[in-house]
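Here is the structure we will look at.
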There are 2 protein chains.
Amino acid sequence: MTTRARMADVARTAGVSTATVSRALSDPTRVDPATRDRIMDAVTSTGYRANAAARSLRVRRAGAILVLAPNLANPFFNRIVVAVTQVADAHGLAVQLADSRAAPERLATLARDGRADGIVLLDASLDPAVVRGWPLPVVQACEWNAAYAAPGLAIDNHAAMGLVVDHLGGLGHRRILHVAGPEGNVLASARTEGFVAACAARAVQGSLEAGDFTMESGARAARAWAARPDRPTAVSCASDECAIGFIGECWGMGLAVPRDVSVAGFDDIEVSARLAPPLTTIHQPRARLGAAAAERLIAMIGGADHAPEWDVMPAHLVARGSTAAPPAS
Amino acid sequence: MTTRARMADVARTAGVSTATVSRALSDPTRVDPATRDRIMDAVTSTGYRANAAARSLRVRRAGAILVLAPNLANPFFNRIVVAVTQVADAHGLAVQLADSRAAPERLATLARDGRADGIVLLDASLDPAVVRGWPLPVVQACEWNAAYAAPGLAIDNHAAMGLVVDHLGGLGHRRILHVAGPEGNVLASARTEGFVAACAARAVQGSLEAGDFTMESGARAARAWAARPDRPTAVSCASDECAIGFIGECWGMGLAVPRDVSVAGFDDIEVSARLAPPLTTIHQPRARLGAAAAERLIAMIGGADHAPEWDVMPAHLVARGSTAAPPAS
DNA sequence: CTGAAAGCGCTTACAG
DNA sequence: CTGAAAGCGCTTACAG
């Protein structure tokens, strides 16, 4: 616990004013080379770093971005947060992390206490009036809520479900179950609607089971599915975690994937490619989405316009071992 | 992008000085009830939140803690970060997140720019001189480096390997492979040493394969294992991710777990209980470790002593379907 | 119970 | 190229 050097200490050591130290640090070309060298030596010998609070009070900028996500324990958000952190780091910005499901009071503080210059928002279920009231630029990623009036990026979730139904239908499945995401979630809705539309267009018999993206909900869905007299031969889960829960529960019931049932996920989280069998799923380029969202946000903080356009990237299905032709029956 | 209200705005609206507003906000009992009500009304109508930079410049406290972790993409760190966030939130502190493998220059800034009042450090492979030089309290979690002279918490990694070897030996395995963690990592060393010691004590034939906790290294180890003429009948992986990679690669080679080989992991990440088969592993109470580390750090920030004691919690094995008796051969 | 004033550690016009 | 001075928005002794 050494005590921290202030700019005044550096100035005294180098025999200059704090103004000159400040200039030497922010734009070295504006000070005499000899002076600059003395200052840099003083910085090194004192271990000086500018106090972020003083600096941001003065320049009215936090030098940080806030990542707001629901359920940070969800591995899906991992890579996104990592990507945001890397981009922020490259721009010399700090990253603050908070739970989007915090109390309204807390959210108001997060948006207004000046700790962050912008927000990467990974939750589309907040009150739009609240989000619009934030005095900071906001970029959404993965989940989109038009009422936020904020730009964002995501893959085409609706179209993705067409790929899933095509894939399963192509393998010969005529009865497909979709285990949905939580009600009120825009991603979940887009996927459910995409599924229903795709089934209708392809004359596949689709059915729905409630879920909420979690492994637990996948396990529950598996029990409900197994109890049906007319078991669908293939299952599309709204998330990889849900699919993992479904497959795990099948294993517990003595059923094997894809021998007894084909299962597809959504997200392509890290572990999916390594499962036994590997999981067929829709790839979400999470690192790319996170990095792009961070870049966009930083541009907005720098003055770029806030037009609430939405960048939709094409979806992409990764076929793996968890899906195969239906049992002969 | 509404413009933010300052304390002076609230004071003017309520017809008092900023000093009184400040008092009403920090300790409502110190101002007259009628005055207080006027102030609170003004706060509500203006949407005022104290500027964190100004406040922390004045009180010389950031009101935030920094979580420093290597490889944030690793699901192992997830729950820990969530727990830290929850505890911090309960104490009104913000959470800053950064990668412990950042450049030395960046680490120096993180520790000295005054953005954080303390650090939860999840990486034991940093230069001890660097860590000791930080002007902030530090608490370690999971990984411990005595040279940091900072307190911390973890489970007994050495003893845990005794439980693994006991479990596998009890099932009848006499040849066991340990896929180690990365060289130089204290956790990896403790586990490897624990494994070797346990094998010696129990007359089990132990062997080692290099790894680095990742799924990819587990897959590599599986190929090396499969190529051996004297395949061990059971495998202990230094992390769950490694075990998942091992099992996935076995599946690719047409081998089944636990029919052809028993596999145990280490960590008990969320997904492990849902795998098919579920993974036998050592449970790490990550949420508890993270919360306890945060509580400890906050106490230290508040003035509690920094004695570098290490809290070691007993390890606990969770037996699941990925381990069974060896093949009859 | 309340206010005037100082000061936390920076940056930035403004002079020179 | 450099310095003196003001001010960012708070909190906290110090008076009253």
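A note on names: the letters A, B, ... follow the listed sequences, proteins ahead of strands, and every chain is numbered from 1.
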task = Tell me whether the OP1 or OP2 atom of D:dG3 has a side-chain N or O from A:T20 closer than 4.0 Å.
result = yes
query = Tell me: CG of A:D117 to P of D:dC8, nearest whole Å?
reply = 19 Å
task = Write down the distance between CZ (B:R58) and C1' (D:dG9), rounded to a whole number of angstrom.
result = 11 Å
key: Nearest listed nucleotide, side chain of B:V59, among D:dT2, C:dC10, D:dT11   = D:dT11
message = Assuming nearest nucleotide by heavy-atom distance, tell me which of B:R60 and B:D32 is located more 5' along DNA chain C.
response = B:D32
ask   = Contact class for B:S26 vs. all strands (heavy atom < 4.0 Å): base, sugar-phosphate, or nothing?
value = nothing
Interatomic distance, A:D27 CG vs C:dA13 C1' [rounded to whole Å] = 16 Å
task = Determine, for B:D27 against B:R30, whether the closest basic-nitrogen to carboxylate-oxygen distance falls under 4.0 angstrom.
result = yes
message = Looking at A:R4 and C:dG9, is any side-chain donor or acceptor paired with a base atom of the opposite kind under 3.5 Å?
response = no
task = Could you tell me the separation between the CZ atom of A:R6 and the P atom of C:dC8, rounded to a whole number of Å?
result = 8 Å
ask   = Just how far is it from atom CG of B:D117 to atom CG of B:L66, taken to the nearest 0.5 Å?
value = 10.5 Å
inquiry  = Would B:D9 and B:R12 count as a salt bridge (Lys or Arg N to Asp or Glu O under 4.0 Å) here? Give the steps.
reply    = CA-CA 5 Å; B:D9 301 322; B:R12 196 177 327 104; 3.3 Å; yes
request  = State, to 0.1 Å, how close B:R115 and B:A64 come at their nearest heavy-atom pair, and which atoms those are.
outcome  = O-CB, 3.4 Å
inquiry  = Expressed as a whole number of angstroms, how long is the span from B:R12:CZ to D:dG9:P?
reply    = 12 Å
For atom CZ of A:R23 and atom C1' of D:dG3, their distance in whole Å = 7 Å
remark   = In this structure, CG of B:L289 is separated from SG of B:C142 (nearest 0.5 Å) by 4.5 Å
message = Expressed as a whole number of angstroms, how long is the span from B:M7:CE to D:dT11:C1'?
response = 8 Å
note = Rounded to whole Å, CG of A:D113 lies from C1' of D:dG9 at a distance of 13 Å
message = Whether A:S56 contacts D:dC8 is assessed here as follows: a side-chain N or O lying under 4.0 Å from the phosphate OP1 or OP2. Is that the case?
response = no
query = Which sits closer to the 5' end of DNA chain C, B:L57 or B:A19, going by the nucleotide each is nearest to?
reply = B:A19
Ion pair check, B:R288 and B:E295, cut-off under 4.0 Å = no
message = Between B:S56 and B:R61, do the side chains contain a donor N or O and an acceptor N or O under 3.5 Å apart?
response = no
ask   = How does DNA chain D read in dot-bracket, base by base from 5' to 3', with Watson-Crick or G-U pairs under 3.5 Å and | used when the partner is on another strand?
value = |||.||||||||.|||
